[in-house]
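To start, the structure under review is shown below, and the notes come after it.
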Number of protein chains: 2
Amino acid sequence: MDFDPDGSIDHAGPVPPYRQLAGILAARVGRGDWQPNRAIPSEAHLVQEYGVARATVRRSIAVLVDQGVLFVVPQRGTYVKGPALP
Amino acid sequence: MDFDPDGSIDHAGPVPPYRQLAGILAARVGRGDWQPNRAIPSEAHLVQEYGVARATVRRSIAVLVDQGVLFVVPQRGTYVKGPALP
DNA sequence: GCCTATTTGTACGTATGTATT
DNA sequence: TAATACATACGTACAAATAGG
């Protein structure tokens with residue numbers, strides 16, 4: 001576990017914030033906080049919630065997109081990947 | 001062709017600079033400007049040469065790493081991918 | 001061993017563009 | 001028309017690892 005599942009970012013420790021946040025967001029997906037094929041909060045919202053720069057939020061999201069956890073629809077939002085819609 | 005092979009970045013056109021630069025760098029590799037398993041110029045050098053921000057250079061490099069054209073050795077440099085060394 | 005320069009890694013803030021609602 | 005949301009780009013700063021003298 002290289003992140004705090006409760007959701008606070010440690011700006012001092014050895015794990016970079018973008019990886020902590022990726023872990024936190026992945027945990028929220030796993031916990032069902034956000035449902036498949038539904039948008040997660042906007043980048044601006046995550047900036048406010050976690051106290052990091054937008055570039056850091058975007059980098060975290062990029063990690064999860066790469067892992068197949070999320071997908072991004074430009075100008076729409078970032079979504080939780082789930083089974084194909086019928 | 002969505003970039004200028006001669007190497008100038010168009011900051012006005014529809015193709016984002018990071019993709020133009022990725023194309024330019026790939027062309028230089030293809031042309032043999034830089035040899036396999038040899039370092040390309042540093043990020044700072046490319047910033048100077050092409051008049052873009054370092055973030056843009058890094059993004060261009062990331063594209064080419066993703067395409068298998070380059071690879072990065074942290075704290076050492078960015079290299080042209082080539083056949084495995086004997 | 002020590003200091004310095006080089007190079008990539010990470011993060012911040014800000015601004016503008018584009019598409020959708 | 002205006003607000004929202006992601007895309008791109010700029011500049012700046014500091015950290016960490018490496019290499020050389």
Side-chain angles (χ1 to χ4, degrees), chain A residues 2-4 7-25 28-29 34-35 37-67 69-81, chain B residues 2-4 7-25 29 34-35 37-81:
Chain A
D2 59 355
F3 63 92
D4 173 6
S8 70
I9 302 291
D10 173 17
H11 286 256
V15 180
Y18 84 92
R19 289 213 277 120
Q20 294 181 50
L21 183 53
I24 290 168
L25 298 182
R28 294 190 70 174
V29 170
W34 303 315
Q35 296 302 315
N37 295 305
R38 298 273 293 169
I40 72 171
S42 72
E43 295 174 355
H45 180 103
L46 295 172
V47 165
Q48 295 297 315
E49 180 169 2
Y50 292 101
V52 295
R54 193 180 156 213
T56 303
V57 168
R58 286 177 58 77
R59 196 163 181 185
S60 302
I61 289 172
V63 168
L64 298 180
V65 168
D66 202 66
Q67 294 178 2
V69 175
L70 303 175
F71 64 99
V72 178
V73 181
Q75 275 72 54
R76 292 294 304 277
T78 302
Y79 296 77
V80 178
K81 219 170 191 181
Chain B
D2 60 355
F3 63 93
D4 174 4
S8 69
I9 303 290
D10 173 15
H11 286 255
V15 180
Y18 85 92
R19 288 212 278 119
Q20 295 180 49
L21 183 53
I24 290 168
L25 298 183
V29 170
W34 302 316
Q35 297 303 315
N37 295 306
R38 298 273 295 167
I40 71 170
S42 72
E43 294 173 356
H45 181 104
L46 295 172
V47 165
Q48 294 297 316
E49 180 168 3
Y50 291 101
V52 295
R54 191 182 158 208
T56 303
V57 169
R58 285 178 60 76
R59 195 162 181 184
S60 302
I61 289 172
V63 168
L64 299 180
V65 168
D66 202 65
Q67 293 179 1
V69 176
L70 303 175
F71 65 98
V72 179
V73 181
Q75 274 71 54
R76 291 297 304 275
T78 302
Y79 295 77
V80 178
K81 217 169 190 180

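We name chains A, B, ... by the order of the sequence lines, and we start the count at 1 in each one.
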Exercise for review: Figure out the CD1/P separation between A:Ile9 and C:dT10, and round it to whole Å.
Suggested key: 15 Å
Review point. Has B:Arg58 got a side-chain N or O lying under 4.0 Å from the OP1 or OP2 atom of C:dG9?
Key: yes
**Study point:** Rounded distance (Å) that lies between atom P of C:dT6 and atom CD of B:Gln48
**Key:** 13 Å
Practice item. Write down the distance between CD (B:Gln20) and C1' (D:dT8), rounded to a whole number of angstrom. Key: 12 Å
Study note, to complete from the structure: Interatomic distance, OH@B:Tyr79 vs CD1@B:Ile40, rounded to 0.5 Å, equals 10.5 Å
Review point. Are the side chains of A:Asp10 and A:Gln20 in touch, meaning some heavy atoms are under 4.5 Å apart?
Key: yes
Revision key, fill the gap. A correct 5'-to-3' footprint of nucleotides 12-21 of chain C, with B, S and - meaning base, sugar-phosphate only and no protein heavy atom under 4.0 Å, is BS---BBBSS
Practice item. Would you indicate whether the side-chain heavy atoms of B:Val29 and B:Leu25 approach each other to under 4.5 Å? Key: no
Exercise for review: Rounded off to whole Å, could you give me the CG-to-P distance for the A:Asp10 and D:dA15 pair?
Suggested key: 15 Å
Review point. Between the side chain of B:Thr56 and the main-chain N/O of B:Tyr18, is any donor-acceptor distance below 3.5 Å?
Key: no
Review point. Tell me: CD of B:Glu43 to P of D:dC10, nearest whole Å?
Key: 14 Å
Review point. Is B:Ser42 near enough to C:dT7 that one of its side-chain N or O atoms lies under 4.0 angstrom from OP1 or OP2?
Key: yes
Review point. For A:Thr78 and D:dC6, is the shortest distance between a side-chain N/O and OP1 or OP2 below 4.0 Å?
Key: yes
Point to revise | d(OH, B:Tyr18; P, D:dC10) in whole Å | key: 13 Å
Check your understanding: Among all residues two or more places apart in sequence or in another chain, which pass the side-chain hydrogen bond (donor to acceptor under 3.5 Å, both in side chains) test with B:Arg58?
Key -> B:Glu43
Study note, to complete from the structure: Output for pair (A:Ile24 CD1, A:Ile9 CD1), nearest 0.5 Å, gives 4.0 Å
Review point. Expressed in angstrom and rounded to an integer, what is the separation of B:His45 atom NE2 from C:dT7 atom C1'?
Key: 14 Å
